[in-house]
Amino acid sequence: MEKPEPARSCLLALRHLVLSFDPQIREDWQYKMPFYKLGRKRLCYLWEEKKTGTPYLGIVDGYLLDHPLLRAEKRSRMKILLINPTEDLPLETIHEILAQARANLRIQ
């Protein structure tokens with residue numbers, strides 16, 4: 001990821017966190033961005049807002065999740081969790097969201 005600091009370090013830490021969340025999660029590049037899959041199903045992806053450069057964790061079927069920090073904005077299917085790159089990662093929140101997203105993948 002060729003991003004400026006501190007966004008680069010934040011995205012790398014998020015990548016490590018997602019990959020270590022479940023041993024079955026695999027990284028795959030689609031649409032020029034890293035997606036994380038369980039089996040063949042896309043779970044989440046990492047990116048940053050165009051205007052502000054703020055990193056975020058995107059949840060593929062986020063519309064199925066009900067978490068107060070997830071934002072849909074103009075997205076119909078995805079929801080995002082904005083991450084402040086100058087603060088510690090909200091580990092508990094990220095784990096909660098990933099657990100909900102993983103549970104939804106297995107239900108479908």
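Starting from 1, each residue takes its place in the sequence as its number. Because only heavy atoms are used, hydrogens play no part in the values below, and waters and symmetry mates are left out as well, while side chains stay in.
Dense packing is recorded around NE2 of His95, with more than 12 heavy atoms of other residues, nucleotides or ligands lying under 6.0 Å away. Atom CD of Glu92 has 12 or fewer neighbouring heavy atoms from other residues, nucleotides or ligands inside a 6.0 Å radius.
Cluster membership check: Leu70 shares its hydrophobic cluster with Phe21, using side-chain heavy-atom separations under 4.5 Å among Ile, Leu, Val, Met, Phe, Trp and Tyr. A continuous path of hydrophobic side-chain contacts links Met78 to Leu82 [ILVMFWY only; heavy atoms under 4.5 Å]. Residues Leu98 and Leu19 are members of one and the same hydrophobic cluster, defined by side-chain heavy-atom contacts under 4.5 angstrom among Ile, Leu, Val, Met, Phe, Trp and Tyr. Linking ILVMFWY residues whenever their side-chain heavy atoms come closer than 4.5 Å, directly or via other members, places Ile59 and Leu91 in the same cluster. Transitive grouping of hydrophobic side chains (ILVMFWY, heavy atoms separated by less than 4.5 Å) brings Leu43 and Leu69 into a common cluster.
Residues Asn104 and Asp61 form no side-chain contact, since every pair of their non-hydrogen atoms from C-beta on lies 4.5 Å or further apart. At least one side-chain heavy atom of Tyr36 sits under 4.5 Å from a side-chain heavy atom of Leu46. Residues Leu38 and Asp22 meet the side-chain proximity criterion, which asks for heavy atoms closer than 4.5 Å. Side-chain contact between Glu27 and Phe35 is absent, with no heavy atoms from C-beta onward closer than 4.5 Å. In this structure, Ile80 and Leu57 have side chains that are not in contact, with every pair of non-hydrogen atoms separated by 4.5 Å or more.
With no hydrogens or angles considered, no side-chain donor-acceptor pair links Thr93 and Glu96 at under 3.5 Å. In this structure, a donor-acceptor pair under 3.5 Å is absent between the side chains of His67 and Gln100.
With hydrogens and angles ignored, the 3.5 Å screen pairs no side-chain donor or acceptor of Lys37 with any backbone N or O of Ile25. Between the side chain of Ser20 and the backbone N or O of Leu17, at least one donor-acceptor pair lies under 3.5 Å. Here the side chain of Arg26 pairs a donor or acceptor atom with the backbone of Pro23 at under 3.5 angstrom.
Residues Cys10 and Leu89 approach most closely at SG-CD2, 4.1 Å, considering heavy atoms. Contact record, Ala7 with Glu48: CB-OE1, 3.7 Å, taken as the closest heavy-atom pair. The two atoms that bring Val60 and Cys44 nearest to each other are CG2-N, 3.9 Å, heavy atoms only.
Here Glu73 pairs with Arg75 in a salt bridge; the nearest charged N to carboxylate O distance falls below 4.0 Å.
Cation-pi check for Arg77 over Tyr63 is not met; the charged atom does not lie both under 6.0 angstrom from the ring centroid and within 45 degrees of its normal.
Taking the six-membered ring where tryptophan is involved, the planes of Tyr45 and Tyr56 are perpendicular, since the angle between them exceeds 60° and thus also 30°.
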Could you walk me through whether Thr54 and Ile83 pass side-chain contact (heavy atoms from CB on, under 4.5 Å), step by step? CA-CA 7 Å; Thr54 303; Ile83 306 291; 5.7 Å; no

